Amino acid sequence: MVLFYIIMMNLVKYLSFCGAASRREAERLIRSGHVTVAGAVEINPARRVDGSEPVALDGNTLTPPGQRHYVLLHKPRGYVCSNSDRHARLLAVDLIDIPGAKLVSAGRLDKDSEGAIIFSDDGGFINFLAHPRYEVLKRYQVATAKSLSAGDLQRIRDGIRDDGEFLQVKAVRELAPGKYEFILNEGKKREIRRLVAACGTTVTRLVRMEIGGVALGALPCGKFRELTPAEVALLYGETHDD
């Protein structure tokens, strides 16, 4: 299924969505009078638009991408997220059956982990989701070989330095003995596994349950679905304005 999106967003985001400029440059162009909405100069970057009125930059009408794919995949364990790993037998992108679509993932989910990962052929959308500046939160359920103590959980909250990097979660809580919920906004390489290892045990299962408010829900392992327009708008930062 190909989705057509008309999303209510502010003018800065609309220019970025159309590929006309970065958000910072778009704000500068708007404030300096280069942008019109329905033929009238608009200098308010927060003006809301939905594509029903023509928006032009220096007299050239902007056209939002008419056809883009935004996909949520329930990645199984053992699959690699990179599209270019010549040594990987199992590529997550191969589980998505959309003929002709050139999809890339928003970030990574390591080979030994499973759960939610988003793919798209919209480069701006992918870059937005992957950039830690925008704090797109990700929620995980994690099982460990040995239970973490209250002291271990506090160490993880405070942050742990490992291999020259400072690792710190947004939140962590115990769901049951040996089972925990982690919330991250920036996923450094194998971050949760490294935090758990620093506390003297290992991760036995790691499932990403949610990305930016879009939950895995009942999506079966190995299956995918296209996101709804409302989910795309949510992920594109309607709740994370600059």
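Source: prediction; values computed, not measured.
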Legend entry - Pair Arg194 + Asp163: basic N to acidic O under 4.0 Å: no

Inset, instruction - Without swapping roles, check the side chain of Arg48 against the backbone of Met9 for a donor-acceptor pair under 3.5 Å. - result: no

Legend entry - Interatomic distance, Ile192 atom CD1 to Leu184 atom CG [nearest 0.5 angstrom]: 5.0 Å

Inset, instruction - Name all residues meeting the ring-ring contact (aromatic ring centres under 6.0 Å, His included) criterion together with Phe125; count only those two or more places apart in sequence or in a different chain, and write none if there are none. - result: Tyr70, Tyr236

Inset, instruction - Kindly say whether Pro45 contributes a backbone atom to a donor-acceptor pair with the side chain of Arg31 at under 3.5 angstrom? - result: no

Inset, instruction - Using modelled atom types only, decide if a donor and an acceptor are shared between the side chain of Lys189 and the backbone of Asp110 within a distance under 3.5 Å. - result: no

Inset, instruction - Measure across Ala92 and Cys81 and return the closest heavy-atom pair with its distance rounded to 0.1 Å. - result: CB-CA, 4.3 Å

Legend entry - Closest heavy-atom pair and its distance - Val55, Leu11: CG1-CD1, 4.0 Å

Legend entry - Close side-chain approach of Asp152 and Tyr180, heavy atoms under 4.5 Å: no

Inset, instruction - Answer whether the closest heavy-atom distance between the side chains of Glu226 and Ile98 falls below 4.5 Å. - result: yes

Legend entry - Heavy-atom side-chain proximity of Arg193 to Asp112 below 4.5 angstrom: yes

Inset, instruction - Give a yes or no answer on whether the side chain of Ser147 reaches the backbone of Gly178 with a donor-acceptor pair at less than 3.5 Å. - result: yes

Inset, instruction - Run the salt-bridge test on Arg28 and Glu25 with the 4.0 Å N-O cut-off and return the result as yes or no. - result: yes

Inset, instruction - Please report the shortest heavy-atom distance between Leu73 and Lys223, naming the atom on each side. - result: CD1-O, 3.4 Å

Inset, instruction - Please report the closest heavy-atom contact between His74 and Leu219, naming both atoms and the distance. - result: ND1-O, 2.8 Å

Inset, instruction - Quick one: closest heavy-atom pair of Ala21 and Leu29, and the distance? - result: CB-CD1, 4.1 Å

Legend entry - Closest heavy-atom pair and its distance - Ile117, Gly107: CD1-O, 4.0 Å

Legend entry - SB check Arg47 Glu53 (cutoff 4.0 Å): yes

Legend entry - Whether Lys138 side chain and Val136 backbone form a donor-acceptor pair below 3.5 Å: yes

Legend entry - Pairwise side-chain contact, Ile156 with Leu148, heavy-atom cut-off 4.5 Å (strictly under): yes

Legend entry - Sidechain-backbone polar pair: Thr144 side chain, Thr202 backbone, donor-acceptor under 3.5 Å: no

Inset, instruction - Please answer whether the main-chain N or O of Ser149 pairs with a side-chain N or O of Glu174 as donor and acceptor at a distance below 3.5 Å. - result: no

Legend entry - Asp121 side chain vs Lys102 backbone, donor-acceptor pair below 3.5 Å: no

Under 3.5 Å, sequence neighbours excluded: what are the donor-acceptor pairs made by side chains of residues 204-217?
{"residue": "Thr204", "atom": "OG1", "partner": "Ala143", "partner atom": "O", "Å": "3.2"}
{"residue": "Arg205", "atom": "NE", "partner": "Glu114", "partner atom": "OE2", "Å": "3.1"}
{"residue": "Arg205", "atom": "NH2", "partner": "Glu114", "partner atom": "OE1", "Å": "3.0"}
{"residue": "Arg208", "atom": "NE", "partner": "Tyr140", "partner atom": "OH", "Å": "3.2"}
{"residue": "Arg208", "atom": "NH1", "partner": "Ala116", "partner atom": "O", "Å": "2.9"}
{"residue": "Arg208", "atom": "NH2", "partner": "Arg108", "partner atom": "O", "Å": "3.0"}
{"residue": "Arg208", "atom": "NH2", "partner": "Tyr140", "partner atom": "OH", "Å": "3.2"}
{"residue": "Glu210", "atom": "OE1", "partner": "Arg139", "partner atom": "NH2", "Å": "3.1"}

Inset, instruction - Answer yes when Glu165 and Lys188 have at least one side-chain N-carboxylate O distance shorter than 4.0 Å, and no when they do not. - result: no

Inset, instruction - May I ask you to list the residues sharing a hydrophobic cluster with Ile43, side-chain cutoff 4.5 Å, ordered by chain and number? - result: Val41

Legend entry - Min side-chain heavy-atom separation Leu95-Phe224 under 4.5 Å: no

Inset, instruction - Can you measure from CG (Leu235) to CD1 (Ile118) and round to the nearest 0.5 angstrom? - result: 4.5 Å

